Protein chains: 2
Amino acid sequence: MGHDSAGTDGASRRIPEATVARLPIYYRALVDVADRDVTTVSSDRLAELAGVNAAKVRKDLSYLGTYGTRGVGYDVKQLLAEISRDLGLTHDWAVAIVGLGHLGQALADYRGFGARGFRVAALFDADPAKIGRQVGGLEVSPAASIRAVASERGVRIGIIATPPHVAQAVADDLVAAGVSSILNFAPALLSVPGGVSLRKVDLAVELQILAFYQSRRSVPAAGG
Amino acid sequence: MGHDSAGTDGASRRIPEATVARLPIYYRALVDVADRDVTTVSSDRLAELAGVNAAKVRKDLSYLGTYGTRGVGYDVKQLLAEISRDLGLTHDWAVAIVGLGHLGQALADYRGFGARGFRVAALFDADPAKIGRQVGGLEVSPAASIRAVASERGVRIGIIATPPHVAQAVADDLVAAGVSSILNFAPALLSVPGGVSLRKVDLAVELQILAFYQSRRSVPAAGG
DNA sequence: AGGAGCTTGTGCATTCGATCACGAAGTCGG
DNA sequence: CCGACTTCGTGATCGAATGCACAAGCTCCT
Ligand SMILES: NC(=O)c1ccc[n+]([C@@H]2O[C@H](COP(=O)([O-])OP(=O)(O)OC[C@H]3O[C@@H](n4cnc5c(N)ncnc54)[C@H](O)[C@@H]3O)[C@@H](O)[C@H]2O)c1
Ligand SMILES: NC(=O)c1ccc[n+]([C@@H]2O[C@H](COP(=O)([O-])OP(=O)(O)OC[C@H]3O[C@@H](n4cnc5c(N)ncnc54)[C@H](O)[C@@H]3O)[C@@H](O)[C@H]2O)c1
C-alpha cells in the first residue's frame with residue numbers, strides 16, 4: 001500500500017512488502033530488550049513486544065536468512081545486526097525537509113531520527129522570511145536551490161511538508177537532485193519516475209478512517 | 001493494518017477495511033472536482049485522480065450502495081454526500097490532543113482539520129510550563145485532568161503526541177474519558193479494550209521502509 | 001547416552017484484496 | 001423506436017498475506 005516500485009529484480013531473496021513494514025517494529029522491540037541485557041528472545045516474546053502473531057515473526061525473520069536456534073530463540077545482538085543491515089541502517093542517510101511550516105519545523109527539531117542513521121542534511125522553504133533562519137541547528141535554504149544543494153549534500157531521502165499544490169513541483173526537484181525516496185505529508189497525489197520510492201502520510205485520512213468506524217459503532221443498525 | 005476492532009457485527013453492508021482507507025481519498029478528489037463545477041465523474045476519471053484502478057473505484061463505491069448511472073458516471077454532489085455520510089463527516093468530531101511538544105503544537109495549529117468536521121476541543125500536557133498557555137487558540141489543560149475534561153467536552157477522538165513511555169497511561173485515561181478512537185504518534189505498542197479503534201502513525205518506520213528499498217536498489221547484487 | 005522439553009522453520013489452508021472481463025443498463029443521434 | 005456507444009456493477013480469477021499445525025533440531029538434565 002502506498003509503496004510502489006519495490007526491488008523489481010530480486011536482489012537476493014524477495015522480502016514481502018508486509019514483512020518489510022514490520023522489520024522496523026521488530027528492530028525497535030529488539031533495541032528495547034537489548035537495553036535490558038537480554039541475550040536471546042523467542043519468537044513468542046518478540047511477537048508480544050511487537051503486537052503480532054508469533055508464527056508471523058518466525059516467517060518474517062526467515063526471509064532474512066536463518067538466524068534462530070531451535071529450543072533457544074534468536075540471539076538479540078545478531079538479529080539486531082541483521083535487521084540493521086537489511087534496513088540499511090548501517091548507512092548514513094542524508095535527509096532533506098522541504099517546507100518549514102508547523103509540521104516541517106516539528107520534524108526538523110525531532111531528535112529521534114539521528115539514532116537510526118537518519119541525518120537531516122538540508123532544509124528548504126520558499127518563504128523569504130524563513131530562508132536563512134536556523135531550525136534545529138541547520139540553516140534554511142531557498143526552495144529554488146533544491147536541485148543544487150540536495151545533490152551536493154548527497155541527500156537520499158526527501159520529506160515534503162509543503163502545501164499540497166506545490167508538492168508535485170517539489171517532488172520533481174528532489175528527483176532531479178538525485179533523491180530516490182520521498183516521504184510525502186501533503187495531501188496530494190504525486191507521480192514519480194520508476195525507481196523512486198514514494199510513501200505518504202496523511203493525517204486527515206487517518207482521522208477520517210477512525211471517524212468511519214466510530215460512526216458505525218455509534219449507530220449500529222439504523223432502522224434495525 | 002494497524003486497525004483492529006472494526007464493526008464486529010455487520011451494521012448493514014460490511015465495507016472492507018481497504019475500501020474504508022480509500023474513501024477519504026475519493027472524498028478529497030471529489031471535493032476538488034466539485035470546486036470546478038463538474039457535475040459528474042466517471043470511475044475512470046476518479047481513479048486517475050485518486051491514483052488507483054478504475055475497477056477498484058467501482059467496486060469500492062458499490063459497497064456504499066449503488067449511486068452511479070451507466071453510460072454517464074457518478075453524480076459528484078450525490079456521491080460526495082454519500083461518502084460524507086458514511087465517513088461520518090456530517091457529525092461534529094471533538095478531538096483532543098495530548099502532548100503539546102513539537103508535533104502536538106503543529107497538529108494544534110493545523111487549520112486543515114476543521115474543514116472535515118474535526119474540531120480540536122481540548123489540549124493536554126503534563127509540563128507545568130505548558131499548562132495554561134494558548135496553542136492554536138485553545139488553552140492547554142493539565143494531563144491529570146484528561147478524564148474529567150475530555151468526557152465533559154464530549155471528546156470522541158484522542159491524538160497521542162507524548163513521549164512513548166507515557167503513551168499507554170494516556171491511552172488509558174482517554175479510554176476512561178469515553179474516547180473510543182485513538183490516533184497514536186508515539187512509537188509504542190498500545191493496548192486498548194475491544195470497541196476502541198486504534199491507529200498508529202510512525203514516522204521513523206516510514207523512513208526505515210524507504211531506506212530498505214533504497215538499500216536494495218543501491219546494492220543490487222553484492223558479489224555479482 | 002538418551003529422553004524430555006522448548007522453540008524454530010515451513011507446508012498448507014484460508015482469508016483478504018486487486019484486477020480482469022463482460023453482461024446490464026443507461027444515453028444519444030438519427 | 002432503434003442501434004451504436006459509453007460506463008457501471010459484479011462474478012471469476014489470481015496473488016499476497018495470515019495463522020495453524022507439526023516435524024526438525026537444539027539444550028539440558030539425569
Ligand atoms: N501541521 C499539521 O498538523 C498537518 C496535518 C496534516 C497534514 N498536513 C500537511 O502537511 C503540509 C504542511 O503542513 P503545515 O501545517 O506545516 O503547513 P504550513 O503552511 O505551516 O507550512 C508550509 C510551509 O511550506 C512552505 N512552502 C510553500 N511553498 C513552498 C515551496 N514551493 N517550496 C518549499 N517550501 C514551500 C511555506 O513557506 C511554509 O513554511 C501541508 O500539506 C498540510 O496539509 C499538516
Ligand atoms: N516531532 C517529530 O517530528 C516526531 C517524529 C516522529 C515521532 N514523533 C513522536 O511523537 C511524539 C511527540 O514528539 P515531539 O517531538 O512532539 O516530542 P516533545 O518532547 O517535543 O513533546 C512531548 C510533549 O509531551 C508532553 N508530555 C510528557 N508526558 C506527558 C503526559 N504524561 N501527559 C501529557 N503530556 C505529556 C511533554 O510535556 C511535551 O510537551 C514522540 O513520541 C515522538 O517519538 C515525533
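As the structure is a prediction and not an experimental result, all values here were calculated from the model. A note on names: the letters A, B, ... follow the listed sequences, proteins ahead of strands, and every chain is numbered from 1.
- In this model, a side-chain donor or acceptor of A/Lys59 finds a partner on the base of C/dG11 within 3.5 Å.
- Here the nucleotide nearest the side chain of A/Thr66, chosen from D/dA17, C/dG17, C/dG9, is C/dG9.
- Following rounding to the nearest Å, A/Leu46 (CG) and C/dT7 (P) show an atom-to-atom distance of 13 Å.
- Between B/Asn53 and B/Pro16, it is B/Pro16 whose nearest contact on DNA chain C lies nearer the 5' terminus.
- Put simply, CG on B/Leu61 is 13 Å from C1' on D/dT7, counting in whole angstrom units.
- What separates CG of B/Asp75 from P of C/dT27 is a distance of 13 Å, to the nearest Å.
- Contact check for A/Val52 versus A/Ile25: no side-chain heavy atoms found under the 4.5 Å cut-off.
- The main-chain N or O of A/Gly195 is found under 3.5 Å from a side-chain atom of B/Arg217 such that the two form a donor-acceptor pair.
- The distance between atom NZ of A/Lys56 and atom P of C/dT15, rounded to the nearest whole Å, is 16 Å.
- As judged by a 4.0 angstrom heavy-atom cut-off over every strand, B/Arg22 is placed among residues touching the sugar-phosphate backbone only.
- Side-chain proximity of B/Ser43 to C/dT10, D/dG19, D/dC8: nearest is D/dC8.
- Between the CZ atom of A/Arg45 and the P atom of C/dT8 there is a distance of 13 Å, rounded to whole Å.
- The base of D/dT7 is not paired with the side chain of B/Arg70 by any donor and acceptor separated by under 3.5 Å.
- Screening B/Lys56, B/Glu48, B/Arg58 against B/Ser43 for a side-chain hydrogen bond (donor to acceptor under 3.5 Å, both in side chains) leaves a single residue, B/Arg58.
- At least one donor-acceptor pair under 3.5 Å links the side chain of B/Trp93 to the backbone N or O of B/Gly88.
- Distance B/Asp60 CG to C/dA18 C1': 10 Å, rounded to the nearest Å.
- Rounded to a whole Å, the CZ atom of A/Arg14 is 6 Å from the P atom of D/dA16.
- Each of C/dA21, C/dT7, D/dA17 was ranked by its minimum atom distance to the side chain of B/Ala55; first place goes to C/dA21.
- No option in B/Val33, B/Asp32, B/Leu30 other than B/Val33 meets the side chain to side chain contact (heavy atoms under 4.5 Å, CB included) test with B/Leu49.
- The residue among A/Val52 and B/Tyr67 whose nearest nucleotide of DNA chain D lies closer to the 5′ end is B/Tyr67.
- The side chain of B/Tyr74 approaches D/dC8 more closely than any other nucleotide in the set D/dC8, C/dG9, D/dT18.
- Between the CG atom of B/Leu64 and the P atom of D/dG9 there is a distance of 10 Å, rounded to whole Å.
- Comparing D/dT27, C/dT10, C/dT19 by their closest approach to the side chain of A/Arg58 singles out C/dT10.
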